[in-house]
Amino acid sequence: MLKTLAAMLLACTTSVVADEERPPPLLQADLSQPDPSRPGHQKMLAMLEAIRQASPKNNVYVGDANARQLRRQVAQAGHLVPQEQAQLRLDLGEAELRLGKEREAISQLQRALALLPAADTTDQPTALEIRFRLGVAYMRLGETENCSAHKSAESCILPIRGAAIHTQREGSSKAIQHFSYILQHTQEESAAYQRSQWLLNLASMTLGEYPDGVPARYRIPADNFQSDEPFPRFVNVAAKLGLDTFSLAGGAIAEDFDGDLDLDLVVSSSDPGERLRFFRNNGAGGFDEDGDDLAGLFGGLNVVHADYDNDGDADLFVLRGGWMFQAGEQPNSLLQNQGDGRFVDVTFAAGLGEVHYPTQTAAWADYDNDGDLDIYVGNESYPGVQFPGQLFRNRGDGTFEDVARSAGVAQVAMTKAVVWGDYDGDRYPDLYISNYGGPNRLYRNNRDGTFEEVAATLGVDGPADSFPAWFWDYDNDGRLDLFVSSYKSSASAMVAAYSDRLQPADSLPHLYRGSGSSSGSGAFTHVHANLRRTSAPMGCNFGDLDGDGFLDFYLGTGWPDYEALMPNLVFRNRAGVDFSDVTTAAGLGHLQKGHAVVFADLDNDGDQDVFEQMGGFYRGDRFYDALYENPGFGNHYLTVILTGTHSNRSAIGARARLVVGKGNESRSLYRHVNSGATFGGNPLRRFFGLDKAETIERLEVFWPTTGKTQTFSDLPLDRTLRITEGREGYEPIVLEKVTLGN
């Protein structure tokens with residue numbers, strides 16, 4: 001529970017906005033009437049219901065059309081030669097497995113293998129593939145019977161131990177048999193060998209037989225799974241809070257949606273039959289699922305938030321159709337917050353529902369510095385079909401217009417991430433776009449409503465197969481840096497990553513250090529920073545896990561195939577110099593597919609917990625969401641809630657510099673207001689870990705719309721403050737520390 005103690009306390013020096021310069025009252029759009037029966041809301045519900053009903057036929061991830069067709073073909077395949085029948089049953093086995101029917105999948109794969117002549121079962125490619133898929137199917141059976149049916153806080157956390165060891169042993173035991181067969185009959189340099197080696201080691205872990213139970217020639221050294229340095233262990237507490245939603249891939253946001261200053265959670269799922277879910281923080285250490293108003297708002301691979309209408313509460317934008325190709329022309333949803341955590345779909349009234357393109361990524365910013373938030377939506381084009389990116393300019397009355405073409409940002413690509421950041425320090429946000437299968441783009445804001453593409457010029461157009469990206473200041477030098485992930489990976493690559501083998505440069509993440517002046521130019525230098533491991537992230541975010549003032553990051557990893565069992569990864573920032581992999585020490589190496597990641601202090605104890613939305617794309621690849629409670633590091637902190645008046649109410653794009661002292665030494669910490677990375681929504685309030693600082697000497701807040709800076713002196717440690725643009729003083733807030741799970 002949060003309580004406001006007082007307003008406008010303590011002296012400070014500030015450059016304020018004169019009364020005569022103040023803007024008119026904040027927008028109160030007429031779309032805000034809390035009437036879920038309004039036509040636009042009902043229209044969206046009808047469209048989403050139609051998509052849900054059509055999904056069995058046209059959704060390749062959750063539908064069963066492919067399996068039904070293959071069943072008919074297998075039933076009528078008596079006239080085919082055995083090799084052709086085996087291929088059909090292999091395909092059917094894979095289709096059944098994706099639907100979550102492990103036993104049926106295993107039956108089909110066994111029958112496929114039996115159809116092949118004995119002489120072909122050792123080196124024939126189809127036979128080896130069948131054996132590999134059998135290994136994967138048995139491994140999935142083991143996960144279903146153990147991790148899903150009898151989950152614990154340790155389930156699927158690398159290294160697997162304790163309560164995570166499988167008690168139902170059939171699945172992993174038989175998977176080991178098939179992977180061992182492949183290892184005995186293939187060459188070490190082959191992909192079949194390497195991916196079988198990776199999964200053999202993991203399967204052995206699930207049975208408690210790693211490392212000694214793995215033959216030495218196949219064993220991945222146990223030391224290679226160790227963290228680079230010690231790190232306190234985080235514990236997954238989602239189950240005791242009722243936050244362990246069992247779902248497919250989706251988005252997640254932590255924010256105060258109901259105005260009580262507690263951080264709530266919103267979670268989405270890509271499944272067209274699963275609704276958006278709202279978990280209201282009850283202020284006593286728990287969460288209550290709410291959101292009857294969200295009934296029927298199905299689907300959404302990702303979701304982003306901001307106060308687009310400047311009325312003082314955070315709204316939602318739900319993204320649909322990502323990775324769906326022909327079936328991905330689905331409507332996105334703009335959900336207007338009614339001030340208490342109830343939402344109305346205003347997509348059509350706001351002008352955002354005229355065309356429907358497949359997407360999973362969008363980002364809010366005030367690109368024209370007029371005091372309200374605009375949004376860029378990155379869409380997914382593929383051969384033969386072009387869906388350009390959209391830049392929706394906020395007209396200031398609750399409606400938007402697409403100006404992407406005139407602004408020069410209507411790029412056509414397989415866009416997987418978009419992020420805004422003022423990398424050249426000219427007050428106008430620039431736009432970075434991560435494209436899978438093509439060059440990435442950096443559009444420099446010309447400050448006249450147009451943009452110039454400069455990615456190649458500045459050397460930030462790689463890697464080619466990228467996915468999440470974000471702007472941040474990882475080295476605390478006041479200049480924005482850029483992280484761009486690589487989505488090029490395989491089970492073979494995981495063996496290389498944990499066996500000290502050379503990995504291709506384009507499979508590693510790219511970290512671009514801002515190296516230009518703090519204002520006016522902007523340049524980047526590609527640095528390696530000890531980021532040496534293939535990761536294939538989907539979801540991601542950054543925050544300060546250990547409270548030392550430097551930003552760490554967490555990657556939710558994987559790809560749709562069931563063989564993509566790989567640890568999600570966490571990296572600790574070592575004083576802005578480089579990063580150390582602390583995944584296994586921290587207990588954050590979940591092997592299931594990770595999507596949206598959120599850093600947020602959900603229990604008000606002065607450190608950031610981590611929420612991760614889990615689950616894959618196929619119907620049978622659901623998994624439980626995770627909330628990792630921060631064990632605490634004993635460091636000081638400061639949380640700042642910024643409210644814009646001339647600048648947008650969310651303060652997105654504002655910059656904060658905090659100067660802290662210890663003894664005779666001072667150092668600066670820099671934060672830029674956004675929701676973090678491109679697949680996961682951090683709260684917009686700024687969290688500063690202060691390490692062992694003794695004093696806060698001053699806080700400087702730069703507001704982009706006016707270009708003015710407010711300066712506050714002698715701030716208290718371990719507090720939350722609210723600062724309003726142009727207003728003298730700050731408002732101290734008391735956050736009542738709670739115990740999660742009470």
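Values below: all heavy atoms of this structure, side chains included; hydrogens, waters and symmetry mates excluded.
Remark: Glu453 does not engage Arg444 in a salt bridge, criterion side-chain N to carboxylate O under 4.0 Å. Salt bridge Lys416/Glu380: present, at least one basic N to carboxylate O contact under 4.0 Å. In summary, Asp293 and Arg342 do not engage in a salt bridge, as defined by a charged side-chain N under 4.0 Å from a carboxylate O. Ion pairing between a basic and an acidic side chain is recognised when a charged N comes within 4.0 Å of a carboxylate O; Arg395 and Asp372 show no such pairing. A salt bridge does not link Asp461 with Arg441: every distance from a Lys NZ or Arg NE/NH1/NH2 to an Asp or Glu carboxylate oxygen is 4.0 Å or more. Salt-bridge check for Asp506 with Lys488: passed, with a basic side-chain N closer than 4.0 Å to an acidic carboxylate O. Taking the charged nitrogens against the carboxylate oxygens, Arg133 and Asp561 do have a contact shorter than 4.0 Å, which makes a salt bridge. Under the 4.0 Å criterion applied to side-chain N and carboxylate O atoms, Arg649 and Asp311 are not assigned as salt-bridge partners. A salt bridge is defined here as a Lys NZ or Arg NE, NH1 or NH2 lying under 4.0 Å from an Asp or Glu carboxylate O, and Arg71 with Glu104 fails to meet this definition. Salt-bridge formation is detected for the pair Arg140/Asp621: a Lys NZ or Arg NE/NH1/NH2 atom is positioned less than 4.0 Å from an Asp or Glu carboxylate oxygen. Under 4.0 Å is where a charged nitrogen must lie from a carboxylate oxygen, and between Arg195 and Glu129 at least one such pair does. With respect to Asp64 and Lys57, no salt bridge is recorded, no charged nitrogen being found less than 4.0 Å from a carboxylate O.
Two residues are said to be in side-chain contact when any heavy atoms from C-beta on lie closer than 4.5 Å; Phe387 and Val385 meet this criterion. With contacts defined as side-chain heavy-atom distances shorter than 4.5 Å, the pair Asp244/Lys151 qualifies. Thr415 places none of its side-chain heavy atoms less than 4.5 Å from the side chain of Tyr357.
Between the side chains of Glu94 and Gln108, no donor-acceptor pair of N or O atoms lies under 3.5 Å.
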